[in-house]
2 protein chains.
Amino acid sequence: MGISKIDKMHNLSKNQQIIFDLIDKSPEPLKAYTILYNVQKRGIKAPPQVYRALDKLVEMGKIHKIESRNAFIACHNSSCQVDKATAFSICEVCEKVTEISSTGLSKYLANFKDKDGMKYNKYNLEFFGLCKKCRT
Amino acid sequence: MGISKIDKMHNLSKNQQIIFDLIDKSPEPLKAYTILYNVQKRGIKAPPQVYRALDKLVEMGKIHKIESRNAFIACHNSSCQVDKATAFSICEVCEKVTEISSTGLSKYLANFKDKDGMKYNKYNLEFFGLCKKCRT
DNA sequence: TTATAAATGTTATATTATTACATAGTGTTA
DNA sequence: TAACACTATGTAATAATATAACATTTATAA
């Protein structure tokens, strides 16, 4: 029998679970060292433990890295099983980050071909602007 | 009279010019400390000098930062006067980076509205895959 | 159970980026 | 020109982000 790949995806190791829980609860992207400080009481003491868990969680698609901010947010797009196609909006004033899930956008980008007719297996898109709150 | 804003955009300061020239000549994205090592003979000795020039050049749109790689490439898209709308393809094997200039893509993204009908003033898109060479 | 892979613990270090403050150049305008 | 504001530079120190290397433990599968 054994567990299927899908089941396995939800089976986080101890450190992965601790770190995922923290990110998932957070209303904003968390940085690696912020995470470290917050999980030291739970036994995770050193950077490599944090970065290893982050790497795996990103691979699994459970979290995403906001590259322009070196920070991590939980994926709330249930269809994200892999780190493959990501889009975010980022408020340049309050730094609020929201994952964009637009079928139109993801279809457009997944099918985008460059001049040479090449398609890509993965992308990351970050939009910048003012969020509703900061716009007013 | 004085120089117009446009003219001024092409008037780089000494350090900016040295660093721009290096990046512009390079066939691949350069990292800040690689730049530092390469311009020390020209009198630029410390990180802040490099980062300050990089910041200005990015603002002007003369270079772009590849966020996922912490590296910088010259803009070869002549219409880029500002750091506003950027798209790149990145080969995951050889790390070759190419700026994408597709009217269709930039129009689509400039006009993209999220669920709340919000448009953004800026974006950065990074595609990942295999370049021609590495694909074969 | 034994081999294998995945995850962990730990120390040290590498890489990327900024703060803070002093000085010098450039353009503007009174 | 003198005074001012603004931009750029020089320099030392340090902060923030990330990885290497190696020993050990835990989980999984044959």
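Atoms considered below: every heavy atom in the structure, side chains included; atoms not considered: hydrogens, waters and symmetry mates. Because the structure is a prediction, the values reported are computed rather than measured.
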What is the separation between atom [atom1] on [X] and atom [atom2] on [N], rounded to the nearest whole Å?
X	N	atom1	atom2	value
Ile44(B)	dA8(D)	CD1	C1'	12 Å
Leu54(B)	dA8(D)	CG	P	14 Å
Met60(B)	dA8(D)	CE	P	6 Å
Tyr51(B)	dT11(D)	OH	P	19 Å
Leu36(A)	dG9(C)	CG	C1'	13 Å

Would you tell me if any nitrogen or oxygen in the side chain of [X] comes within less than 4.0 Å of OP1 or OP2 on [N]?
X	N	value
Asn15(A)	dG9(C)	yes
Lys65(A)	dA18(D)	yes
Lys31(B)	dT16(C)	yes
Lys56(B)	dT9(D)	no

>> Given the structure, check if the side chain of Tyr33(A) and the base of dA15(D) hold any donor-acceptor pair shorter than 3.5 Å.
In response: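 By the distance-only test, no, there is no pair.
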> Angle class for the Phe112(B)/Phe127(A) ring planes (parallel below 30°, perpendicular above 60°, tilted otherwise)?
Replying inline: parallel
> dT9(D), dT19(D), dA21(D): which one has an atom nearest the side-chain heavy atoms of Ser13(B)?
Replying inline: dT9(D)
> Counting N and O atoms only, with roles assigned by atom type, does the side chain of Asp114(A) sit under 3.5 Å from a partner on the main chain of Asp116(A), one being a donor and the other an acceptor?
Replying inline: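 Side chain of Asp114(A) to backbone of Asp116(A): a pair is present.
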>> Need to verify one output field. Residue with the more 5' nearest nucleotide on DNA chain D, Ala53(B) or Asn70(B)?
In response: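 Taking each residue's closest nucleotide, the earlier one in sequence belongs to Ala53(B).
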